[in-house]
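Just so you know, these numbers come straight off a predicted model, no measurement behind them.
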Amino acid sequence: MPMRSSQYLLSTKKETPASAEIISHQLMIRAGMIRKLASGMYTWLPSGLRVLNKVTNIVREEMVRAGALEILMPMVQPADLWQESGRWDEYGPELLRLNDRHKRDFVLGPTHEEVITNLVKREVSSYKQLPLNLFQIQTKFRDEVRPRFGVMRSREFIMKDAYSFHLTQESLETSYQNMFRAYCNIFERIGLSYRPVIADNGSIGGSMSHEFHVLADSGEDAIAFSTESDFAANVEMAELTPSNSAPDAPQGEMHLVETPKATTIAELVEQFPVAVEKTVKTLVVKASDSCESDLIALLVRGDHELNEVKAEKLDQVAAPLTFATEEEIRRSIGAGPGSLGPVNLPIPFIIDHSVASISDFAAGANIDGKHFFNINWQRDVEPGESADIRNVQAGDPSPDGNGVLEIKRGIEVGHIFQLGDKYSQSMNCGVLTESGKHQPLSMGCYGIGVTRIVAAAIEQNHDKFGITWPDAIAPFNVAIIPMNMHKSHRIQEAANQVYNQLLEAGIDVLIDDRKERPGVMFADMELVGIPHQIIIGERNLDEEKVEYKNRRSGEKQLMALNDIVGFVKGL
RNA sequence: CGGUGAGUAGCGCAGCUUGGUAGCGCACUUGUUUUGGGUACAAGGGGUCGCAGGUUCAAAUCCUGUCUCACCGACCA
């Protein structure tokens, strides 16, 4: 739809609002795309909505092309469905619960597995109706602990969620691959630099899972890439194999050292002549029922970070992973968290693979204010079980054996899961097979954060003047900027002629017919990020010419007035 | 939920220590000016100082409570 700026709500701002931390949030406010209503809740203004609708249309078209059928489910859902699936108790405070006038329990839908499973259970009764893939594009609500970064992590947001239903795992895998390709098509059409990565399933359950990330420094997730292959995984999921190298031979005798001012690895390394790679951190978490102790210690090298997703998957560790309080640690170990280590540790412990292969290392003595130095496995303490429990770091070997890993930041804009029968079992959703037997269905689920894509696109496409939209999702594709249109009939005529021709050609054009100075118009059109500008001024019009300017490259060229529409149409 | 900080005009902020006419920049309105990169000048409109209570002759300012927002942390498909 074309538009005249004098009849439009441009709502641009010169100043950056204080509360906006990241560039996309700042630019979305400055360019008049969104306004905050309350924490994590935003109104979409005309320019923002134009972009959002373009993204939505691409997502919808590609989903339909991939064979999915669009439906629309209620945003408010009855609590009994959530009780049936078990997530009423599992989901926690992120699930906004509310009552109707009869005091019946409802939730604001953060996702729709329950509703769709209930629907398919009622509507589908034969294997002949499978496979089936249903999707919707709809508002979700998650009561995030800390909404931030504008629509990047808001409480209310728009999501495309699709759910597929299958008789067999093979069929599920086919649909999963199909959705994988559809997602690639979507992000390619939008014009984003993205990567699919191996991901954790989290609380949604199931087995296989990929996230789609837009690469950006401001991303909240860390992604591990191989330098040599196309391996890519969320750092949460990137595995490490134990190194084959045995620890070096002990160099010195283990000895106890007074370390009153060292309660962290950083302090220890600063105050004593020990390399951080030769230190061990001891973290204490709640143990599971299968463990004889209430608590269990996890040991990682001083320069490594515990990977909570990996740790939680260990049999001996209670899920969800819960760190012991200082009080609990003192009660069972007799020392504070700053002085723990494997020697004389009264609770069971698991060491990271990388801890198993070091020698002459330093760790707490389980006595406040004291550390052991030159600890060696076997000689001084039994190493016990080792496991992969740390985050990968840049330079670690890639899990597929090719090259080493590098770490980049990403924004999660899509996530696909093979759910299996988690919901169809608990909610009794199945069909009769060919042999007349009742069988629960296999499910896949596939999400895209539609509103988040808009913010992610800006993180990837901006410069000092404002947004540099990819053509596919720009609010307008062409801006006409007439100089002194209100004093010159020639300019007015030329501008309107170009405007009408573009209108007829079906191009999204915005003509800036405000009575503003040129500088104001240029600045606004660049802030809003319209990819192509046509500048019409007296000087060039004397020669029947206008100027074309590319927003992204800044390139300008003079063109004949009569050629400009054809030129723009060809872009 | 813990820590820190902030709520004064649409936005960004000063004023609060030392209680006494509520201010500045941007934006907005009107006029003149300027006209290929956020012009200049002048005039003007707009605020129960987050809310409630207290102290005081007098509270934006001091005290108490409360709400909201932001940042850090924990949490999170």
What integer distance in Å separates [X]:[atom1] from [N]:[atom2]?
{"X": "A/N484", "N": "B/U33", "atom1": "CG", "atom2": "C1'", "value": "14 Å"}
{"X": "A/D512", "N": "B/G36", "atom1": "CG", "atom2": "P", "value": "16 Å"}
{"X": "A/H415", "N": "B/C76", "atom1": "NE2", "atom2": "C1'", "value": "13 Å"}
{"X": "A/R153", "N": "B/A74", "atom1": "CZ", "atom2": "P", "value": "13 Å"}
{"X": "A/D221", "N": "B/C75", "atom1": "CG", "atom2": "C1'", "value": "14 Å"}
{"X": "A/L37", "N": "B/U68", "atom1": "CG", "atom2": "C1'", "value": "13 Å"}
{"X": "A/K545", "N": "B/G36", "atom1": "NZ", "atom2": "C1'", "value": "17 Å"}
{"X": "A/E516", "N": "B/G36", "atom1": "CD", "atom2": "P", "value": "15 Å"}

Sort out the partner of [N] for me: Watson-Crick or G-U wobble, both distances under 3.5 Å, none otherwise.
{"N": "B/C75", "value": "none"}
{"N": "B/C16", "value": "none"}
{"N": "B/G5", "value": "B/C69"}
{"N": "B/C26", "value": "B/G10"}
{"N": "B/G46", "value": "none"}
{"N": "B/A52", "value": "B/U64"}

Legend entry - A/K36, nearest nucleotide to its side chain (from B/C69, B/G37, B/C76):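 Nearest listed nucleotide: B/C69.
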Legend entry - Nucleotide nearest A/M483 when distance is taken to its side chain, options B/G36, B/C69, B/C76: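 Ranking B/G36, B/C69, B/C76 by closest atom to the A/M483 side chain puts B/G36 first.
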Inset, instruction - Using modelled atom types only, decide if a donor and an acceptor are shared between the side chain of A/Q77 and the backbone of A/T111 within a distance under 3.5 Å. - result: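 Answer holds: yes.
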Inset, instruction - Name the orientation class of the two ring planes belonging to A/H210 and A/Y176 (parallel below 30°, tilted from 30 to 60°, perpendicular beyond 60°). - result: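 Correct class here is tilted.
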[atom1] gap between [N] and [M], integer Å:
{"N": "B/G65", "M": "B/A58", "atom1": "C1'", "result": "23 Å"}
{"N": "B/U55", "M": "B/C75", "atom1": "C1'", "result": "43 Å"}
{"N": "B/U39", "M": "B/A59", "atom1": "P", "result": "44 Å"}
{"N": "B/G25", "M": "B/U66", "atom1": "C1'", "result": "33 Å"}
{"N": "B/A74", "M": "B/G37", "atom1": "C1'", "result": "48 Å"}
{"N": "B/U56", "M": "B/G19", "atom1": "C1'", "result": "9 Å"}
{"N": "B/G10", "M": "B/G2", "atom1": "P", "result": "32 Å"}
{"N": "B/U68", "M": "B/U29", "atom1": "C1'", "result": "32 Å"}

Contacts of type ring-ring contact (aromatic ring centres under 6.0 Å, His included), residue [X], not counting sequence neighbours:
{"X": "A/F465", "value": "none"}
{"X": "A/F106", "value": "none"}
{"X": "A/H532", "value": "A/Y548"}

Legend entry - Sugar-phosphate, base or nothing in reach of A/F157, heavy atoms under 4.0 Å: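 Since a base atom lies under 4.0 Å of A/F157, the category is base.
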Inset, instruction - Between protein and nucleotides 3-14 of chain B, map the contacts as a letter string: B base, S sugar-phosphate only, - none, heavy atoms under 4.0 Å, written 5' to 3'. - result: ---------SS-
Inset, instruction - Using a cut-off of strictly less than 4.0 Å, decide whether A/R146 has a side-chain nitrogen or oxygen near OP1 or OP2 of B/C71. - result: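 Answer is yes, contact under 4.0 Å.
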Inset, instruction - May I ask you to verify if any side-chain N or O of A/K14 is less than 4.0 angstrom from the OP1 or OP2 atom of B/A27? - result: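 Checking B/A27 against A/K14, a side-chain N or O does come within under 4.0 Å of OP1 or OP2.
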Legend entry - Stepwise side-chain hydrogen bond (donor to acceptor under 3.5 Å, both in side chains) check, A/D161 with A/Y163: CA-CA 7 Å; A/D161 47 328; A/Y163 307 87; 2.6 Å; yes
Inset, instruction - Determine whether more than 12 heavy atoms belonging to other residues, nucleotides or ligands lie under 6.0 Å from atom CD of A/Q177. - result: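 Yes, CD of A/Q177 has more than 12 neighbouring heavy atoms, counting only those of other groups under 6.0 Å.
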Inset, instruction - Check the surroundings of atom CD in A/E220: do more than 12 heavy atoms from other residues, nucleotides or ligands lie under 6.0 Å from it? - result: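 Yes, enclosed.
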Inset, instruction - Only counting residues at least two apart or in another chain, list the ones meeting salt bridge (Lys or Arg N to Asp or Glu O under 4.0 Å) with A/E84. - result: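 If we apply the salt bridge (Lys or Arg N to Asp or Glu O under 4.0 Å) test to A/E84, skipping adjacent residues, the hits are A/K121.
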Inset, instruction - Kindly indicate whether the side chain of A/H486, heavy atoms from C-beta on, has any atom under 4.5 Å from the side chain of A/Q492. - result: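 No, side chains not in contact.
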Legend entry - Nearest-nucleotide 5' precedence on RNA chain B, A/G447 against A/F465: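 On the 5' side of the pair lies A/F465.
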Inset, instruction - Output the residues of residues 517-541 of chain A in contact with RNA chain B, where contact means a heavy atom of the residue under 4.0 Å from an atom of the strand; sort by number or write none. - result: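 When residues 517-541 of chain A is checked for heavy atoms under 4.0 Å from RNA chain B, the hits, listed by number, are A/R517, A/P518, A/G519, A/V520, A/F522, A/A523, A/D524, A/E526, A/I535, A/G537, A/N540.
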Inset, instruction - Assign B/U21 to syn or anti; the rule is syn for a glycosidic angle within 90° of 0 and anti otherwise. - result: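 Nucleotide B/U21 adopts syn.
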Legend entry - Pair A/D217 + A/R409, salt bridge at N-O below 4.0 Å: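 No, this pair does not count.
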Legend entry - Heavy-atom closest pair, residues A/E412 and A/H213: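 Minimum heavy-atom contact is N-ND1, 3.5 Å.
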Legend entry - Under-3.5 Å donor-acceptor pair between A/R148 side chain and B/C71 base: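 No such pair is found, so the answer is no.
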